[in-house]
Amino acid sequence: MTTRDPNSADHDGSRRPSAAYDPADLATQYTPADVEGPLYERWVSAGYFNADAGSAKQAFSIVIPPPNVTGSLHLGHAFQHTLMDALTRRRRMQGYEALWLPGMDHAGIATQTLVERHLADTEGKSKHDFSREEFVSRVWKWKQEYGGKILGQMRRLGDGVDWSRERFTMDDGLSRAVGTMFKRLYDDELIYRAERIINWCPRCLTALSDIEVDHSDDEGEFVSIRYGEGADSIIVATTRAETMLGDTAVAVHPDDERYRHLIGREIELPLTGRRIPIVADSHVDPEFGTGAVKVTPAHDPNDFEIGRRHDLPNLVIMDERATITAPGPFEGLDRLEARPAVVDALRQQGRIVKEVRPYTHAVGHCSRCGTVVEPRLSKQWFVRVEPLAAAAGDAVRDGRVKIHPADLAQRYFDWVDNMHDWCISRQLWWGHRIPVWYGPDGEMVCVGPDDTPPSGAGWTQDPDVLDTWFSSGLWPFSTLGWPDRTPDLEKFYPTSVLLTGYDIIFFWVARMMMFGLYAMSDLGPERSVPFKEIALTGLIRDQFGRKMSKSKGNVVDPLEWMDAYGTDAVRFTLARGANPGTDVPVGEEWVQGSRNFCNKIWNATRFALMNGATVAAEVPPADELATTDRWILSRLSAVTAEVDGYYEDYQFARVSDTLFHFAWDEVFDWYVELSKPVLAAGGARADATRAVLGRVLDVTLRLLHPIVPFVTEELWTTLTGGESVVIAPWPVADPGRRDLAAEAEIADLQRLVTEVRRFRSDQGLKPTQKVAAALAGIEKTRLAEHEAAARALLRLTPPGEAFAPTASLSVLDVTVELDLAGAIDVAAERKRLEKDLAAARKEAGQMSGKLANEGFMAKAPDAVVSKTRERLGIAESEIVRLEAQLAALPSG
RNA sequence: GGGCGCAUAGCUCAGGGGUAGAGCACUCGCCUUACAAGCGAGGGGUCGCAGGUUCGAAACCUGCUGCGCCCACCA
């Protein structure tokens, strides 16, 4: 043999003859706990998952969505990891240089909050009891000690990641990438510092980006307040009465006749004595509220814009904890306490004209802690996203990056086409510190990671750190060594596919697109994209389709299921639910079902081993094989092609379902059963069957391996003697083995067997009870060859001397006559026949109706018409046959 | 306020102009030497409602109803 047959297991020269196998080695049940740990360690120590940047093989690469360093494995991780692992394992088997790169995210706010709580609990200290350096070193210490728990859990899951390339967003290399990126964007004026209204969390005491704010419809109040006196008065309506202390104007629409006379005049702001102008601004909607808006530029983003247009002062009346700082009776109150207090004071002055309560309106909450976000005027750093987002949109629009499923691309476009500037500074200590120094005379210098910061009196570094997603956005290239031109970057960038949930399109996917295209632009438009495809998954749900949440109590720890049913069972369940972009419900019973499947594979392979299945380089040619062998090899080839097709567009559910049904229904239930009498008979046919059985199992195990790696590895190495299925070649569909005639023939056999089984079941015959029967006419059908097999499956013995058939049924031109050694259950038989007759009559009616329809005859395709005729013919002969059988039944 | 998606068996979901599918659940019969985590057989759906297109609609179009999700600076 000069070329390697990809369907042969004979690939590594270290085969162990399966004849050496002792069936006693395998228990009658698969015990995952016995094999998973050792197998994983073996894979890792063999270096199977380590990619070689110097390899000549085509590269396949995936970077993991880095889990938070504080995180632990939940079903969502298990789900996505299973899919990424399957993709990578398949490509590796296909001969790609496959890299799945692991790592973690420092998760700024989340981690800092956790460590603060930890220090409070264990030492009773707050972060202010430490210097910044001390605090950060405590976070690092915490990270060493408690962080990264999820990495161990990934081993349990069987993740085939390259541990030699594990990265962390705060490690030296990635920090250098962050600094380099910041400097470049700064120099290109794509990063700037400005005083703006930003989202501020008064609890976390930091700025937030727009997407870190969750909106919900909350019940509040809507009060109308009269400003000014008499003819000069004007009524404004607000949900945030307390901010009136910071009003610096009232705005009306320029065309609003009601207020035209007031424009340009001043009125007195209640409770403060200040006089504020009435300005005209077309932003105001005359239809809403009273058509007059109080303007608080320092505490509302819209008002800030109005203030800019009219050159109004920004009067700050709250501090960073949202405590009122305006001098007077409200000073020191929290904003939520101040609200009723202010309304009360106004009411006493008779200025409250109307109060609507409750009034439901959208309120922003900190996505981290739920606190109501406060718009706050402050100096922050921003990324000017417009050019970056335009490029990110174009890369998808022009097909350089494909999104699966395609209809989720709209969501991506909606975002990148409407993105606001991104606030990237955070008032935290844990993260990448902004590399900008301020001088004593107001100088501002951005310092690259390899440059020396300015020194001397009065120079200080910006105290803020960057948004976690800034470093995450660099992940596809920072992890490969950027900004250096490393072999890894050369080999593995752009990455092949990004697999992640549709819920972080905005947080992460869009930002990687923007940063990748920008940072790697020297590679040209095709190669600068961070990934060629984006495979979006849905979210994991409980078995009733509900979101998992702690408050519902329906959160599942995947490790518990892995302990109970094995890792493969959990993986298979998750993969089987993975329809692109669609949420995935999972329930424990389904995991049990997957466990059962793994066990079934186990036992089927045991059967093969006990019966001397052989795994040879070549299976005998078709002309030396029986129909059953040709059939299963034909199906194997078809299924292999189907699976490959499904992988191309990430249809893991179909991959899994196809293999499940092929393995269980076709191989285990039919082929194995059909092979039993052949194997028992021995001889050349038995040898051929042993070879086919070995091949079919070998290939099936390899096809299943990416999804259920452990049980397939255990069985495949035993069956084939190969080193590891991890490095076995991926099966290639062999069109030469397709045999539609054999498939049709076996379909007939299945029909015959199933019909007789139904009869037996209806007649209450025990499955094991042998019945004498004649298969009249079978010699004239293509089932002639299969008589012995049919008899074996149906426990039909040949008619003997005293053969006296008491029942008959006909299937496909075969009349099965059975000697039931007694009366048959006439009622049951009548019921059965009448049911079949009704179905046949219905069918015949439908078909003849169609054929009588002139429109149908004139316009339907010929193939459909002839198919209809054929079906009518079959139905009519069924009717004749069934009526005859009913008539022949003894009456009563 | 915009935009998107979904309504198919008891549950969770595939499918997609020409014979309604799966898993689990359910019923009946079986410990048939690979497997009771199994084997065999079976029941169960006018594919949300109303129109339309078509020879033919569960599928395509329109409207409606009911859910779900995303986005949003009408105070």
Side-chain angles (χ1 to χ4, degrees), chain A residues 23 26 28-30 197 210-211 215 222 236-240 243 251 283-285 287-290 292-296 300-305 361-362 364 375 407-408 410-411 414-415 418 420 502-503 505-506 539 541-545 547 565 569 573 576-577 579 581-587 589-590 592-611 651 653-654 657 660-661 668-669 672-673 676 753-754 757-762 764-769 793 795 843 846-847 850 853-861 863-865 867-868 871 875:
Chain A
L26 293 184
T28 60
Q29 277 191 6
Y30 171 52
I197 295 263
D210 291 346
I211 44 176
H215 293 269
F222 194 52
V236 299
T238 181
T239 56
R240 301 204 55 195
T243 62
H283 166 79
V284 177
D285 176 3
E287 306 294 316
F288 187 83
T290 61
V293 185
K294 59 189 278 305
V295 182
T296 322
D300 181 280
N302 290 316
D303 295 4
F304 181 75
E305 293 304 319
H361 62 127
D407 45 304
L408 278 174
Q410 193 51 47
R411 203 183 273 218
D414 288 346
W415 170 255
N418 299 295
H420 295 172
Y502 63 70
D503 57 323
I505 293 175
F506 311 139
L539 276 27
R541 307 263 173 163
D542 76 5
Q543 62 186 311
F544 305 110
K547 218 175 224 170
Y565 306 111
T573 305
R576 202 173 184 192
N579 291 112
T582 307
D583 290 350
V584 184
V586 288
E589 299 106 33
W590 310 348
Q592 286 173 18
S594 299
R595 181 271 313 265
N596 295 354
F597 179 50
C598 292
N599 196 48
K600 187 74 183 176
I601 302 169
W602 177 268
N603 275 300
T605 308
R606 272 183 71 226
F607 169 84
L609 290 164
M610 293 168 77
N611 285 280
Q651 302 212 56
R654 291 199 185 182
D657 205 52
F660 177 87
H661 285 292
F668 305 157
D669 280 351
V672 163
E673 291 306 321
K676 282 178 180 174
V753 169
T754 302
R757 278 176 179 165
R758 184 158 80 103
F759 173 84
R760 291 186 55 130
S761 182
D762 288 347
L765 297 175
K766 299 195 187 227
T768 44
Q769 185 181 330
L793 286 172
R795 318 242 166 200
E843 170 88 352
Q846 282 176 347
M847 295 307 112
K850 282 192 178 194
N853 183 328
E854 283 176 30
F856 177 80
M857 297 306 289
K859 296 190 179 174
V864 174
V865 174
K867 180 90 182 178
T868 306
R871 284 173 55 189

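Numbered from 1 within each chain, the chains take letters A, B, ... in sequence-line order.
The phosphate of B/rG68 (OP1 or OP2) has no side-chain N or O of A/K547 nearer than 4.0 angstrom. The phosphate of B/rC39 (OP1 or OP2) has a side-chain N or O of A/K600 nearer than 4.0 angstrom. Taking only side-chain nitrogens and oxygens, A/R757 comes nearer than 4.0 Å to OP1 or OP2 of B/rA41. The side chain of A/R654 contributes an N or O atom lying less than 4.0 Å from OP1 or OP2 of B/rG15.
As a whole-Å value, the separation of A/D583 CG from B/rC67 P is 19 Å. In this structure, A/R541 atom CZ and B/rG23 atom P are separated by 25 Å, rounded to whole Å.
Across B/rA7 and B/rG15, the matching P atoms stand 9 Å from one another, rounded to whole Å.
Between the base of B/rA37 and the side chain of A/Q29 there is a donor-acceptor pair shorter than 3.5 Å. Between the side chain of A/E673 and the base of B/rA34 there is at least one donor-acceptor pair of N/O atoms closer than 3.5 Å. With hydrogens and angles ignored, no donor-acceptor pair under 3.5 angstrom links the side chain of A/R758 to the base of B/rA41.
Going from atom NE2 of A/H361 over to atom CZ of A/R240 covers 9.0 Å, rounded to the nearest 0.5 Å. With rounding to the nearest 0.5 angstrom, the OG1 atom of A/T28 is 8.0 Å from the CG atom of A/N599. Rounded to the nearest 0.5 Å, atoms CZ (A/F856) and OG1 (A/T868) are 3.5 Å apart.
Using N1 to N3 plus N6-O4 or O6-N4 for Watson-Crick, or N1-O2 and O6-N3 for G-U wobble, each under 3.5 Å, B/rU32 pairs with nothing.
Among the protein residues, A/H661 comes within range of the sugar-phosphate backbone only, with heavy atoms under 4.0 Å from sugar or phosphate atoms but none that close to a base. Heavy atoms of A/N611 sit nowhere under 4.0 angstrom from any nucleic acid atom. Residue A/R760 is classed as having no contact, given no heavy-atom separation below 4.0 Å to the nucleic acid.
Positionally, the nearest nucleotide of RNA chain B for A/D542 lies more toward the 5' end than for the other of A/D542 and A/G855. In terms of position along RNA chain B, the nucleotide closest to A/T582 lies nearer the 5' end than the nucleotide closest to the other residue of the pair A/T582 and A/F668.
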